[in-house]
Amino acid sequence: MPTWNPSHLSSSLLIHVKRHPILFTSAVAIVPLVALAMPSYRGFIDLGPGGLPHNVFGWLLQGALRPLAVKSTVDQSVFKKPGISSSYEPHGNTRFLQEPLAQRRGERPVIPNYVAPQRQATEKGDEALFNRMNNYLSDVSSRHPEALAVKPSGLESRDIHALWLASTPLPKYLAKGTKGEIVHVHTEASSHMILSLADAEEAMAKGWAELHPLSGVMGWIPLSYVMIYAPRDEEEFGIWTKFVDAAVAFTTAGQH
């Protein structure tokens, strides 16, 4: 039986390094990069399925989109840019929230820094709340069957259902990006919805919402496509329903 000789192994390795220096250098460089990337990849997977593939390809894609993303998802100055409301006329600057919006208590929840999926890492809701929120969307749809429908989301995983505009033609700010999808709820009870510019700006200013990283980017999704944080109690659930009602009122304005 041959004996293991460390010096022989070292000599053999050195010979291979000399023969293939570029390959060896590349391999050595990749190791620390992989070590740095793994926590980001694990974090992406831990968020659960979303609109992108729930694998390494989805993680790489969201990383590739990072240079296009907004610099800050809580910066309300984007609503003040000249001409920003032209794509949302005639109702973009109309307030559809029916009651004064209170300031949300406490700090904003932690949102991991991925382009997608956008999820809460703290103050998450449970399955019962998730189901209750979806039941509200179904109730809203049943009250307006001529204008609304509930069906699988086109922006999230197919397991997520969404509230859609059923009537046509779609407003131009919806036609290219969401194709009529206006509200959906994530499993941790945060939600995405399309508010008027006025309502989205107020929701962000009062601490209830933030932009999606791609909101208003290249017309993919509207600027007023915002993430509403998960309700933490009965009062906040009531406020969330007001946001849904405002989203419906805005996106169906002028269709009746």
Side-chain angles (χ1 to χ4, degrees), residues 50-52 61-62 64-98 101 111 115-118 137 140-141 144 146-149 151 153-156 160 162-186 190-206 208-229 240 242-256:
L52 299 178
L61 179 56
Q62 68 82 31
L65 291 171
R66 173 54 59 188
L68 301 176
V70 297
K71 293 182 179 179
S72 171
T73 57
V74 295
D75 180 10
Q76 297 129 55
S77 68
V78 294
F79 295 102
K80 304 299 185 184
K81 293 181 178 179
I84 203 71
S85 64
S86 61
S87 297
Y88 305 89
E89 293 176 349
H91 304 291
N93 289 319
T94 302
R95 189 181 190 278
F96 290 92
L97 289 166
Q98 296 300 306
L101 188 59
I111 311 296
V115 173
Q118 187 181 36
L137 298 186
V140 171
S141 175
H144 304 282
E146 75 292 344
L148 302 170
K151 57 183 181 179
S153 173
L155 301 171
E156 287 288 340
I160 298 294
L163 190 64
W164 293 71
L165 288 185
S167 54
T168 56
L170 295 174
K172 60 182 179 181
Y173 57 85
L174 295 182
K176 179 180 178 181
T178 74
K179 296 179 172 54
E181 183 172 341
I182 58 175
V183 184
H184 61 249
V185 181
H186 310 129
S190 68
S191 54
H192 281 125
M193 63 183 71
I194 300 170
L195 301 172
S196 71
L197 298 176
D199 287 342
E201 183 177 5
E202 183 179 3
M204 289 173 61
K206 297 294 180 62
W208 295 97
E210 63 184 73
L211 297 172
H212 186 278
L214 297 178
S215 291
V217 174
M218 300 175 66
W220 289 339
I221 54 177
L223 176 61
S224 57
Y225 180 86
V226 294
M227 178 190 199
I228 304 293
Y229 305 135
W240 178 81
K242 303 302 181 186
F243 282 129
V244 173
D245 295 345
V248 170
F250 168 53
T251 54
T252 60
Q255 294 190 15
H256 305 293

Are any of the side-chain heavy atoms of [X] and [Y] separated by less than 4.5 Å?
X      : Y      : value
Ile228 : Ser190 : no
Leu174 : Lys172 : no
Leu211 : Met227 : no
Ser191 : His184 : no
Val226 : His212 : no

Counting distance only, does the side-chain N/O of [X] pair as donor-acceptor with the main-chain N or O of [Y] below 3.5 Å?
X      : Y      : answer
Thr251 : Ala247 : yes
Lys176 : Gly219 : no
Gln98  : Phe96  : yes
Thr168 : Leu170 : no
Thr252 : Val248 : yes
Asp199 : Arg95  : no
Glu181 : Trp164 : no
Glu201 : Ser196 : no

When rounded to the nearest 0.5 angstrom, what distance separates [atom1] in [X] from [atom2] in [Y]?
X      : Y      : atom1 : atom2 : result
Asp245 : Leu97  : CG    : CG    : 9.5 Å
Phe79  : Ser85  : CZ    : OG    : 11.5 Å
Tyr229 : Trp208 : OH    : CH2   : 11.0 Å
Lys206 : Leu101 : NZ    : CG    : 5.0 Å

Which pair of non-hydrogen atoms, one from [X] and one from [Y], has the smallest distance, and what is that distance?
X      : Y      : answer
Gly50  : Pro117 : CA-CB, 4.1 Å
Val217 : Leu68  : CG2-O, 3.5 Å
Ala253 : His91  : CB-CD2, 3.5 Å
Ser215 : Val70  : O-CG1, 3.7 Å
Leu163 : Ser141 : CD1-CB, 3.8 Å
Glu210 : Thr73  : OE2-OG1, 2.8 Å

Do His192 and Tyr225 have ring centroids that are under 6.0 Å from one another?
yes
Are Phe250 and Leu195 close enough, and set up right, to give a side chain to side chain contact (heavy atoms under 4.5 Å, CB included), and what steps lead you there?
CA-CA 7 Å; Phe250 168 53; Leu195 301 172; 5.6 Å; no
If the test is side-chain contact (heavy atoms from CB on, under 4.5 Å), which one of Ile194, Thr94, Asn93, Leu197 qualifies with Tyr88?
Leu197
Run the side chain to side chain contact (heavy atoms under 4.5 Å, CB included) check on Val244 and Met193 step by step: do they pass?
CA-CA 7 Å; Val244 173; Met193 63 183 71; 3.8 Å; yes
